[in-house]
Amino acid sequence: MQRTEIKHLLKTEALSQDVLVKGWVRTFRNTQFIALNDGSTILNVQVVVDFQNTPEEILNKIKTGACLSVKGTLVPSTGAGQSVEVKATEIIILGEADPEAYPIQPKKHSLEFLRSHGHLRMRTNTFSAIFRVRHAMAFAIHQYFHERGYFYIHSPIITGSDAEGAGEMFRVTTLNLDNPPRTEEGKVDFSQDFFGKETNLTVSGQLQGEIAALALGKVYTFGPTFRAENSNTTRHLAEFWMIEPEVAFNEIEDNKNLAEDFLKYLVRYALENCADDIDFLDKRLAEEEKQKPQNDRRAMGLIETLRFCTENDFARISYTEAIQILQNSKQYKEKKFQYEVEWGKDLQSEHERFLVEKHFKKPVIVGDYPKDIKAFYMKLNPDGKTVAAMDVLFPGIGEIIGGSQREDSTEKLMKRMDEMHIPAHEMSWYLDLRRFGSAPHSGFGLGFERLMLFVTGMGNIRDVIGFPRAAKTIEF
RNA sequence: UCCUUGGUAGCUCAGUCGGUUAGAGCAUCUGACUGUUAAUCAGAGGGUCGCUGGUUCAAGUCCAGCCCAGGGAGCCA
């Protein structure tokens, strides 16, 4: 007999037909009612046990976490919580779960506790919901770009370029670290390493994306990204997934339009395609918020926040305007900001949060940053002081997207590289993109897990990736 | 890396001014009940108080160092 997935079973008309379901016990109530879940949906199916005619040794093994195969008939439920249920005729224990030893019991567990039992946490409602949504978001990303004629580019994981300038890198080597070969000056001789030079894990697929965009027009990458920063926060990982579209002929405004349309599409996709899971996560968040003091609570619930995001235009301001808004704020005048607000200095988290959560109360795109606080490849504006950069700031998360129009003038790019001490000889291929058939082009990077934080309402980035890698954290 | 708050039963936490035998809820086990929705009721078992050292007649409680975790900051997506 074919197994029916619970997701489909719950939408089936109950006509006392024979069915086979398999799944894991969530709770066993009253020696009679099993809440069974098989991961296909957050919803459980209720299995009704004829306990008087079921052997004791089977009944004793129906415990939270145990895996069952159940044959029975699908009937309308007389109970209130569900429309259909399975009257069991045969129960087979596929895998026992000793309740004395199994850590996941039908009670509220803290996220920290579940994080420390990472191999079992996907069996909970919260985490199964998160990972179904994560799949849906990954799928929606490909669908969005595919429908619009973008090409998916596989940027390399190992890079020989050390000029990407996005933080600390993980070294890739096959050299014997106990006794590496040395040059005459006593330095490690990387010419004897596997690739014949120093290599690292990628910190960005952007530069390769630019190569592809200036040939194929519209491209994107979606892959793992590695940063060896010793950062210990709720929004940083050492290994994370990043989406980086890169588009020839797009100028900075086109880039902002793409970012806004893309994010709204993804959020709408989650609302439309993950309703049960989002609904659960909405309730979970509401429960969690209840525990907090009144003025620490979010202004809106999860679903409300997501709808709001899809229905309203993002605010768009320049860095210079942002500084003015901050300097005219009550907080600034009352010296409530810990860090200085001054043209030329980067916006701090507290400033970004003020703009998004207090002033505009919606997503904000900040553009035209001072050139000195941004990367060398960003296009210099006519004022000679700012660059065509853009950061998309989201409530509760901060920077979810960072992007820019790229400098397409060989001369200006070389000047910037010189000023920022980036060795031109190592980047000749990058300069060639400007030297031959240069074109205006733009792109951005979206942190996949930061998107996941927003869509699921979770607070810690380690809870929206299956197997988090961070400083001093690597398991499984 | 810095700041900050924590570490007490399987989990979540309480533990007063340093003072007798370290408590509660949930989970677990046993029994009762049997159309329940994290079922309910009764009872039972369960502790290296993060680790090391110090102060003291006496330390879960005070002090120092270390380890681990949460939150915030920096860096960034």
Check: Has A:Phe33 got its ring stacked on B:G35, by the test of a centre gap below 5.5 Å and a plane angle below 30°?
Finding: no
Check: The side chain of A:Gln82 lies closest to which of these nucleotides: B:C29, B:U37, B:C11?
Finding: B:U37
Exercise answer: donor-acceptor pairs, residues 59-68 of chain A side-chain atoms, under 3.5 Å, sequence neighbours excluded:
from    : atom 1 : to      : atom 2 : distance (Å)
A:Asn60 : ND2    : A:Glu56 : O      : 3.4
A:Thr64 : OG1    : A:Arg26 : O      : 3.2

Checklist line | Test item: side-chain donor near acceptor, A:Tyr220 and A:His142, under 3.5 Å | finding: yes
Notebook entry, point to check: Using the C1' atom in both, what is the distance from B:A59 to B:A22, to the nearest Å?
Noted result: 13 Å
Notebook entry, point to check: Considering only the C1' atoms, how many Å lie between B:G15 and B:G72, rounded to the nearest integer?
Noted result: 29 Å
Check: Sub-3.5 Å donor-acceptor pair from the side chain of A:Glu244 to the main-chain atoms of A:Gly205, do we have one?
Finding: yes
Next item on the list: Report, as yes or no, whether the 6.0 Å neighbourhood of atom NZ on A:Lys264 holds more than 12 heavy atoms from other residues, nucleotides or ligands.
Entry: yes
Next item on the list: Considering only NZ, NE, NH1 and NH2 on the basic side and carboxylate oxygens on the acidic side, decide whether A:Lys345 and A:Glu340 come within less than 4.0 Å.
Entry: yes
Notebook entry, point to check: So, does the side chain of A:His109 form a donor-acceptor pair with the base of B:C11 at under 3.5 Å?
Noted result: no
Next item on the list: Using the P atom on both, measure B:A9 against B:U61 and round to a whole Å.
Entry: 15 Å
Check: Given that both pair distances must be under 3.5 Å and the pair must be Watson-Crick or G-U, what runs of three or more consecutive pairs involve RNA chain B?
Finding: B:1-7 with B:67-73, B:10-13 with B:23-26, B:28-32 with B:40-44, B:50-54 with B:62-66
Next item on the list: In whole angstrom, give me the gap between the C1' atoms of B:G25 and B:G19.
Entry: 28 Å
Next item on the list: Look at the side chain of A:Asn255 and the backbone N and O of A:Gly443, then say whether any donor-acceptor pair between them is shorter than 3.5 Å.
Entry: yes
Next item on the list: Using the P atom on both, measure B:C49 against B:C11 and round to a whole Å.
Entry: 15 Å
Item checked: Sequence neighbours excluded - ring-ring contact (aromatic ring centres under 6.0 Å, His included) pairs with any residue from residues 94-113 of chain A -> A:His109-A:Phe113, A:Phe113-A:His117
Note to self: Quick check against the 3.5 Å criterion: does A:Glu449 have a side-chain atom that pairs as donor or acceptor with the backbone of A:Trp241?
What the structure shows: yes
Next item on the list: Under the ring-ring contact (aromatic ring centres under 6.0 Å, His included) rule, collect the residues that match up with A:Phe354, sequence neighbours excluded.
Entry: A:Phe337
Item checked: Residues forming a side-chain hydrogen bond (donor to acceptor under 3.5 Å, both in side chains) with A:His441, sequence neighbours excluded -> A:Glu210
Check: In whole Å, what separates the C1' atom of B:C33 from that of B:A42?
Finding: 11 Å
Margin query: Is the phosphate of B:U28 approached by A:Gln105 (side-chain N or O, under 4.0 Å from OP1 or OP2)?
Written below: yes
Check: Would A:Leu380 and A:Lys371 satisfy side-chain contact (heavy atoms from CB on, under 4.5 Å), going step by step from the backbone distance to the final call?
Finding: CA-CA 7 Å; A:Leu380 193 64; A:Lys371 63 176 183 178; 3.8 Å; yes
Margin query: Under the rule for ring-ring contact (aromatic ring centres under 6.0 Å, His included), what residues qualify as partners of A:Tyr144, not counting sequence neighbours?
Written below: A:Phe262, A:Tyr265
Margin query: So does A:Leu43 get a backbone contact from the side chain of A:Thr41, meaning a donor-acceptor N/O pair under 3.5 Å?
Written below: yes
Notebook entry, point to check: Hey, can you pull the residues of residues 447-457 of chain A with a non-hydrogen atom under 4.0 angstrom from RNA chain B?
Noted result: A:Gly447, A:Arg450
Item checked: Per-nucleotide protein contact string for nucleotides 38-49 of chain B (B base, S sugar-phosphate only, - none; heavy atom under 4.0 Å) -> BB----------
Check: A:Gln52: what forms a side-chain hydrogen bond (donor to acceptor under 3.5 Å, both in side chains) with it, not counting sequence neighbours?
Finding: none
Margin query: Under the rule for side-chain contact (heavy atoms from CB on, under 4.5 Å), what residues qualify as partners of A:Thr89, not counting sequence neighbours?
Written below: A:Lys71
Note to self: Would A:Lys361 pass as a cation-pi partner of A:Phe308, given that its NZ or CZ must be under 6.0 Å from the six-membered ring centre and within 45 degrees of the axis?
What the structure shows: no
So which protein nitrogen or oxygen atoms get under 3.5 Å of nucleotides 67-71 of chain B's nitrogens or oxygens?
from  : atom 1 : to       : atom 2 : distance (Å)
B:G70 : OP1    : A:Arg115 : NH1    : 3.1
B:G71 : OP1    : A:Asn460 : ND2    : 3.3
B:G71 : OP2    : A:Asn460 : ND2    : 3.2

Next item on the list: Over 60° means perpendicular and under 30° means parallel, so classify the ring planes of A:Phe448 and A:Phe222, tilted if in between.
Entry: perpendicular
Next item on the list: Could you identify which residues of residues 344-362 of chain A place a heavy atom less than 4.0 Å from some atom of RNA chain B, listed by residue number, or say none?
Entry: A:Gln348, A:Ser349, A:Arg353
Next item on the list: Rounded to whole angstrom, note down the C1' distance from B:U1 over to B:C17.
Entry: 39 Å
Checklist line | Gap in Å between the two P atoms, one belonging to B:A27 and one to B:U40, rounded | finding: 7 Å
